[in-house]
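Take a look at the structure below.
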Amino acid sequence: MEQYEYWLQVAEDIRLHVVENLPFESRAKGLICGNCIGLSQSLKTTAEKTCVLAEEIIHSRINVGDILDQRNISSAKQEHITRKALRNELANLRSIASLLKQGYRQSYEIAEKLGVTEEFLHAAISGYQQQYGSYVTIDGDTLLLEPTVVLLSQLQ
């Protein structure tokens, strides 16, 4: 099952209705209102749809109220919590390390295998850098997060 299909099933399981290809007036890629998730017609790839749908589902699980105004500290905090949960769902460190061990080196290859956009993967790695610094230990190996993502064992 592809990632997008998985997240469509998750939405269905928790009784969220997903509507695709909506002509949003704003630049938003996805919005949730009540039990309905709308995805913008600007989303062209399955990977883009996956990232946006998963984010909206996670918003439905952990956010309270309207968080569109990111100047509000509470809204910004809720968005940060959502982004952290999202990267752990779609591009967790264990999966990235596993793909590196399998020989995937380029970010576009890793993103494709994870079913996410390359932009999302870079944002996830940036979030991990903020959380852990320049490296983290995964399953007994060191995953270097900068200047590029690589397993230390592969450099030796």
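- When every heavy atom of A111 is checked against every heavy atom of L121, the shortest pair comes out as N-CD2, 3.8 Å.
- Between the side chain of T50 and the backbone N or O of T46 there is at least one donor-acceptor pair closer than 3.5 Å.
- Residues E48 and L43 share a closest heavy-atom pair of OE1-C, 3.7 Å.
- The line from CZ of R94 to CG of L143 is 11.0 Å long, rounded to the nearest 0.5 Å.
- Summarising the geometry, atom NZ belonging to K101 is positioned 5.5 Å from atom CG belonging to D139; distances are rounded to the nearest 0.5 Å.
- Enclosure of atom NZ in K113 is not indicated, since only 12 or fewer non-hydrogen atoms of other residues, nucleotides or ligands lie within 6.0 angstrom.
- Looking at heavy atoms from C-beta onward, L114 lies out of side-chain contact with L90 at the 4.5 angstrom threshold.
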Please tabulate, for side-chain N and O atoms in residues 25-35, each donor-acceptor pair with protein atoms closer than 3.5 Å (sequence neighbours left out).
residue: S26; atom: OG; partner: A28; partner atom: N; Å: 3.1

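- Few gaps surround CD on Q131; more than 12 heavy atoms of other groups in view lie less than 6.0 Å from it.
- Residues S60 and E56 are not in side-chain contact: their nearest non-hydrogen atoms beyond the backbone lie 4.5 Å or more apart.
- Residues L145 and L93 form a side-chain contact, since some pair of their non-hydrogen atoms from C-beta on lies under 4.5 Å apart.
- Partners of T142 according to the side chain to side chain donor-acceptor pair (under 3.5 Å) rule, which considers only residues two or more places apart in sequence or in another chain, do not exist here.
- The structure places CZ of R87 at 8.5 Å from OG of S126, a figure rounded to the nearest 0.5 Å.
- For the pair E12/L8, no side-chain contact is recorded, criterion being any heavy-atom separation below 4.5 Å from C-beta on.
- Under the 4.5 Å side-chain criterion, counting only non-hydrogen atoms from C-beta, V116 is not in contact with Q3.
- When only modelled atom types and interatomic distance are considered, S98 and Q102 share a side-chain donor-acceptor pair under 3.5 Å.
- In terms of heavy-atom proximity, A97 sits nearest to L151 at O-CD1, 3.6 Å.
- Residues L100 and I110 have side chains in contact (heavy-atom distance under 4.5 Å, counting atoms from C-beta outward).
- Rounded to the nearest 0.5 angstrom, D13 CG and Y6 OH are separated by 8.5 Å.
- Side-chain contact between Y128 and N92: present, with at least one pair of heavy atoms (C-beta onward) separated by less than 4.5 Å.
- Put simply, the side chain of F120 does not reach to within 4.5 Å of the side chain of E55, judged on heavy atoms.
- The heavy-atom pair separating H122 from S107 by the smallest distance is NE2-OG, 3.4 Å.
- Proximity of a side-chain donor or acceptor of E89 to a complementary backbone N or O of A85 within less than 3.5 Å is not detected.
- No continuous path of ILVMFWY side-chain contacts below 4.5 Å connects Y104 to Y108, so the two sit in separate hydrophobic clusters.
- For CD of E112, the number of neighbouring non-hydrogen atoms (other residues, nucleotides, ligands) closer than 6.0 Å is 12 at most.
- Between G38 and F24 the shortest heavy-atom distance is O-CZ, 3.4 Å.
- To the nearest 0.5 Å, atoms CH2 (W7) and CD1 (I58) are separated by 4.5 Å.
- Interatomic distance, Q9 CD to I14 CD1, rounded to the nearest 0.5 Å: 11.0 Å.
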